[in-house]
Undergrad: 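First, the structure itself, so that you have it in front of you.
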Amino acid sequence: MAEASTAQVTARLPDDAALHIFRTMATIRAMEDRINRGLNAGEFRMTFYPVRGQEVIPAAVSEHLRPEDYMVTTYRGMHDCIAKGIPLTELVAEMLGRVGGTSKGKGGPMHLSDPRSGLMVTTGVVGGGVPIAVGLGLAAQLRGTDQVSVVNFGDGATSIGATHEAANMAALWQLPVVFVCQHNGYGEHTAFADYTRTEHLADRFRPYGMAAVTVDGNSVPDMYAAAGEAVARARSGGGPTFLECLTFRLEGHSFGASTEYVDADRLAQARADEPLGRYRAWLVAEDRATEEQLAEVERQVDEAVEAAVAEALASPAPGLEELQTDVFSSDEAVPR
Amino acid sequence: MAEASTAQVTARLPDDAALHIFRTMATIRAMEDRINRGLNAGEFRMTFYPVRGQEVIPAAVSEHLRPEDYMVTTYRGMHDCIAKGIPLTELVAEMLGRVGGTSKGKGGPMHLSDPRSGLMVTTGVVGGGVPIAVGLGLAAQLRGTDQVSVVNFGDGATSIGATHEAANMAALWQLPVVFVCQHNGYGEHTAFADYTRTEHLADRFRPYGMAAVTVDGNSVPDMYAAAGEAVARARSGGGPTFLECLTFRLEGHSFGASTEYVDADRLAQARADEPLGRYRAWLVAEDRATEEQLAEVERQVDEAVEAAVAEALASPAPGLEELQTDVFSSDEAVPR
Amino acid sequence: MTTVEDPVHTLSEGVNQALDEAMSDDETVFCLGEDIEDPIGGVMRGTRGLSTKYGRARVRNTPIAEQAIVGCAIGASLAGMRPVAEVMLMDFFAVCMDQVANHAAKLRYMSGGRTNVPITIRTSVGGGAQFGAQHSQSLEGWMMHIPGLKVVVPSTPRDAKGLLYSAIFDDDPCIHMETMSLLFTRGPVPAGHFAIPLGSAEVKRPGTDVTVIAWGKEVPEALAAAETLAGEGTDVEVLDLRTLVPLDRQAILDSVAKTRRAVVVHAATTFAGPGAEIASLVSHELFGELAAPVERLGAAYAPIPFAAELETALYPDRGRIAETIRAMA
Amino acid sequence: MTTVEDPVHTLSEGVNQALDEAMSDDETVFCLGEDIEDPIGGVMRGTRGLSTKYGRARVRNTPIAEQAIVGCAIGASLAGMRPVAEVMLMDFFAVCMDQVANHAAKLRYMSGGRTNVPITIRTSVGGGAQFGAQHSQSLEGWMMHIPGLKVVVPSTPRDAKGLLYSAIFDDDPCIHMETMSLLFTRGPVPAGHFAIPLGSAEVKRPGTDVTVIAWGKEVPEALAAAETLAGEGTDVEVLDLRTLVPLDRQAILDSVAKTRRAVVVHAATTFAGPGAEIASLVSHELFGELAAPVERLGAAYAPIPFAAELETALYPDRGRIAETIRAMA
Ligand SMILES: Cc1ncc(C[n+]2csc(CCOP(=O)(O)OP(=O)(O)O)c2C)c(N)n1
Ligand SMILES: Cc1ncc(C[n+]2csc(CCOP(=O)(O)OP(=O)(O)O)c2C)c(N)n1
Ligand SMILES: [Mg+2]
Ligand SMILES: [Mg+2]
């Protein structure tokens, strides 16, 4: 299936989009590499949920989005946040718990948000963000704007009730919501086949009365095309879409976590075929870009990432006066 | 569809089962009529959730069950309780809050249970009983018994998360569970089409990897056949089945509640075509029973119901010493 | 203050008026919940007439899916709307506490103030009507314990109108508890625009000998007990907290500093319940100044029984309140 | 009592031993939860080795579906099994409180004693590890407030083994809270069969001047504060409640009757928290006999911040406990 659709949709991926997607993916990868270096060297500490191997999905989806479009994601959402446009310095500073972060260091890596770039919520509760994204879509519909609400979640989140309640509501009200299920094959340490007998998750969501497709989440042309249709449908009042984006988690659940439960051959093969390298080669092979162009992009994003991390590290911890602010609109409401 | 399957399955409904199903339905109806009389006359008070029009479903399902099989139901479950075999006196006494009730009057009409007849839980929370029924099925599987766990819930309960979590788990583990969705067209005051775009609820549950069928819940032959297949599948280790049983709620949500939101013609037609009368005529027309036989059954069940209500009314209220017993296994654990 | 001219309405009508005023004042206010559209207008009638007046886009029925209802309200509020969600009964918060406690309550803080969640969740609180163990719980204790939630519990039609209106326009998530046993009690309600600031308790009956601190269902019981005791020469002050978060600490301490005796009364379970916070506060702040230990009267430690005789015995009533006060003299 | 010969293990190993003993003693005991099978054996390693030893039928991974996990445990227990369910973090009770509070806690009572729910729900309690606002909450206050739930909070490897074993064989639903910051602390654990009855607090350090009542995360902090103060001539008694329901009322009152001063310390939010119940109990029962007001030390009123500096300031620690006690002298 991936084959077929790739063929027919390639044409639909314009050069500028193709290059910008590469830049986004390269930025995500550079940031993950930089964080890994920092963690391995003991330069800093943080809980980090790797996104390696899942870069294509948000890079392709965001190509169809505007800053005023909404996005909701999960703890494993650094790639989504970067693609949606959270300033890199604020992003890293938040992950480090510094006052220069998106949440002044009070949220942390599992709670990145920046309404200015449309990234409204990052939740640490599996499935918890899905109903919220439906509400963002409802606000757009009630206001008559053409904003779209995109919600990212994992394959494991399809087992939890909130996701189903939200899907039914979004379909019922024909809301401008795109459900982006990043199907990386695992829920923490449990493989897909060990927690459901469903073959294609899209089959579970289609019956709610929404478009639901399974797409190769590691193929830029496929993801670009599928996301384009979903976003266009939402923007034009055509209702929600469920995108089952097939990818593979190339690391453990979190930084340093074991992968002993993952089939070694499959993992090795997936790493060898990892999407950034695959896409880079494709761009050159298809004459979409020259080796030099891509190397230059890589140089630029490395520089940007390096600068962001340096700036973030220079940001101090939040002061103790922050402990009980932002609890309520007015601090007087805080019980003593 | 109902037509077709009726034809082919009629043969499979034996005379004794056909008559016993009539007796069960007649008992349910007689009890509802008696309760209505009591409530209208101010003879007693209780919250009552009518089951009129849904008698076929439990009468047909229970024909395939044994006392040791498990059942879970909802506040709208008097018909399920009677069909599963809760002694009538204890049933009515509980609904009246008398010490002679299944729960000594401490549970009430929304919490009927009687493990001796296999009725394990009646819940008042929509969807709340579904995961519990899955656990009853798991216990049977772990013990290697061939017990079956049947869970009754309404169409509206398919909108809530717990139901989906439970369905996925039951399918994953191939548990002996029969999901009996009593699709009466309404969730309280909201019609099916106003809370989902799904056409057939069975389509939502099949993708979990279980058998899922839509059946005419007002047709005894159809329900008997569909339930028979589902129970046999569960008993033989074939895993769960979702039965979407199409019926119609002939009264308001609860005793005395308005039906102003229900299409008047559809309601009138459904009342004219109500399943007990329809089935009674069918039995005679098909020479399954004589008018006299059925009249005799009706006389017997009226008598039984009358006696049960009289006995229940004679039972006193629970004593105040009951207030804090049954909180824990030992009353000493109760905080003072 | 209430004037003699104020028309008389039920608490349910007070709720309805607040919703109507808020929706006419502000386009961003909308309601969602189960069975809230006409002709039913909410199983407790709170939204009656509003879908007819404002349309089904702004007063919308939902599937039976409380996580989706509350989550949807949260999302819409993040985008600048002021949703009023209805959770039919407080017991059903148990199916959506993740949205309430892990999301609505925390998003402002977790975003360092960049986002906020101006939602109101209206809910009916049962008890005393033989609805059984799963349809009668007062769970304000759960809500108070989660930083970031405001908790509002009116006991009169007037308070319901004024407090709900303030809750809707408050910039934080508010839980508005509508006590079923009081929904159809009547009282004066100011016409037109009317708001009562959150966080202000009200002395519903001034007194000098003992302070009864109560809210919701137990306020009328406290007032009735006060009447009885007045006849016996004991002058009881009844303080209706009205909002539990923000808590009117000053009003509590001022009253008890004066009377030197306090009884906290609520329909929630006594053990580890909301009254423990009030009792601890008073015992701590007025240590050595009290004439008697602070008494707590709440529901007995048991699931709520169905049988009327048992359910009646479970809750504090005017009789037990009066007895308790007599024993403190 | 613990003997010098007892081998030393971590709290996590104490948990693991209790599960192992229980599963070998009784065929009806089985475990279900997310990622509990080997090789991982639970993200906190509590079930490590058990799926290998007892098979994947009795130690089974589940989908990410806490309502199904807890509901399934309830159902199996109604049929006579003794399920041990794992809810990975206490914060996630928010997604399954309906099964916990409306079903597990109430079914015995709602059935007039004809059914009962002998389940144990194990859960890790975060805090102090920079997991953020949604992965660090201590919600024992929610559980204590629901009649029908038993609440167990071991602070040592020995207590974990003995209390969890008792919880598994208890005929009521038990919440077993496993404090993450203590999971890998070491201490003596009796080998083989070992049970500690639920409802018995333990004096972890005898003293005469002031009683610190604590549990879980705060017990080592209280003991450390006691050491410091010993050097200053203040003799602190540290009472570890170990179970919150049943509550060892007598142990609390006996200790404070002796010391006449009490501080309640817990990781849960102070406001409307579990400490309020203890403080109210002591203030009421020992009215007029206390030398100082009962102090409550818990988490500050705020969602739990990520930044280490703020999170550290949120929780009571040995320093603040010592300060508080000094101020009471
Ligand atoms: C309600 C809930 N249960 C359990 C967890 C613990 N947990 C965190 S991530 C995770 C796995 C989620 O898998 P998936 O949805 O596939 O997302 P992925 O991590 O693969 O991106 C689990 C079980 C949680 N955060 N929330
Ligand atoms: C979680 C929850 N939300 C709301 C309610 C209130 N309520 C009681 S019955 C009902 C309608 C249920 O409809 P359906 O599942 O179709 O069952 P029916 O009443 O038609 O048999 C609702 C919304 C509830 N009991 N539980
Ligand atoms: Mg995954
Ligand atoms: Mg229905």
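So that the names make sense, note that chain A is the first sequence line, chain B the second, and so on, each numbered from 1. Values reported hereafter were calculated over all heavy atoms of this structure, with side chains retained and with hydrogens, waters and symmetry mates removed.
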Undergrad: Distance check, rounded to the nearest 0.5 Å: Tyr195(B) atom OH versus Ile64(C) atom CD1?
TA: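 Separation between the atoms: 6.5 Å.
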
Undergrad: How close do Leu323(B) and Pro305(C) get, counting heavy atoms only, and between which atoms?
TA: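 Smallest heavy-atom distance, with atoms named: CD1-CG, 3.8 Å.
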
Undergrad: Can you tell me how far CD1 of Ile40(C) sits from NE2 of His189(B), rounded to the nearest 0.5 angstrom?
TA: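 Output value for this atom pair is 4.5 Å.
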
Undergrad: Rounded to the nearest 0.5 Å, how far apart are CZ of Arg336(B) and OG1 of Thr270(C)?
TA: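 Going from the CZ atom of Arg336(B) to the OG1 atom of Thr270(C) covers 14.5 Å.
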
Undergrad: Should we count CD of Glu332(B) as having more than 12 external heavy atoms under 6.0 Å?
TA: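 Check fails, neighbour count at 12 or below.
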
Undergrad: Enter the distance from Gln67(C):CD to Ser159(B):OG here, rounded to the nearest 0.5 Å.
TA: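 The distance works out to 12.5 Å.
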
Undergrad: Using side-chain heavy atoms (C-beta onward) and a distance below 4.5 Å, is Tyr301(C) in contact with Gln324(B)?
TA: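 Answer yes - side chains close enough.
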
Undergrad: Please find the pair of heavy atoms, one from Glu322(B) and one from Leu310(C), that lie closest to each other, and give the distance.
TA: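 Heavy atoms only, the tightest pair is CB-CD1, 4.1 Å.
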
Undergrad: Can you tell me which portion of Thr123(B) sits under 4.5 Å from chain C's heavy atoms? Options are side chain, backbone, both or neither.
TA: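 It is both, since atoms from each part get that close.
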
Undergrad: Do Pro109(B) and Phe306(C) come close enough that some side-chain heavy atom pair is under 4.5 Å?
TA: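 Sidechains of Phe306(C) and Pro109(B): in contact.
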
Undergrad: Can you tell me if CD on Glu260(B) sees more than 12 non-hydrogen neighbours from other groups inside 6.0 Å?
TA: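 More than 12 heavy atoms, drawn from other residues, nucleotides or ligands, come within 6.0 Å of this atom.
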
Undergrad: Considering non-hydrogen atoms only, spot the tightest contact between Tyr261(B) and Pro39(C) and give its length.
TA: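 Heavy-atom minimum between the residues: CB-CG, 4.1 Å.
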
Undergrad: Heavy-atom cut-off 4.5 Å, strictly under: side chain, backbone, both or neither for Arg45(B) against chain C?
TA: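 Contact with chain C is through the side chain of Arg45(B) alone.
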
Undergrad: Is any side-chain heavy atom of Phe131(C) closer than 4.5 Å to one of Thr47(B)?
TA: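 Heavy-atom side-chain distance check passes, below 4.5 Å.
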
Undergrad: So for Tyr75(B), is it side chain, backbone, both, or neither that comes closer than 4.5 Å to the heavy atoms of chain C?
TA: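 Neither; nothing under 4.5 Å.
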
Undergrad: Is there a side-chain contact between Thr196(B) and Pro63(C) (heavy atoms, below 4.5 Å)?
TA: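 In short, these two side chains do not touch, never coming nearer than 4.5 Å.
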
Undergrad: Just so I understand: if I count every heavy-atom pair under 4.5 Å between each of Val125(B), Asp326(B), Val126(B), Thr158(B) and chain C, which residue has the most?
TA: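 Most heavy-atom pairs under 4.5 Å with chain C: Val125(B).
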
Undergrad: Contact between Met110(B) and His135(C) at the side-chain level, heavy atoms closer than 4.5 Å - yes or no?
TA: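 Yes - at least one pair of side-chain heavy atoms lies under 4.5 Å apart.
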
Undergrad: Can you name the closest pair of heavy atoms from Asp35(C) and Gly187(B) and give their distance?
TA: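 That closest heavy-atom pairing would be OD1-O, 3.7 Å.
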
Undergrad: Does the side chain of Asn61(C) reach to within under 4.5 Å of the side chain of Thr190(B), using non-hydrogen atoms?
TA: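 Of all side-chain heavy-atom pairs linking Thr190(B) with Asn61(C), at least one is under 4.5 Å.
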
Undergrad: Could you tell me whether a side-chain N or O of Glu309(C) sits under 3.5 Å from a main-chain N or O of Ala317(B), the two making a donor and an acceptor?
TA: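 Judged by distance alone, no pair lies under 3.5 Å.
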
Undergrad: Using side-chain heavy atoms (C-beta onward) and a distance below 4.5 Å, is Met46(B) in contact with Gln130(C)?
TA: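 When only atoms from C-beta onward are counted, Gln130(C) and Met46(B) do not touch, as no gap falls below 4.5 Å.
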
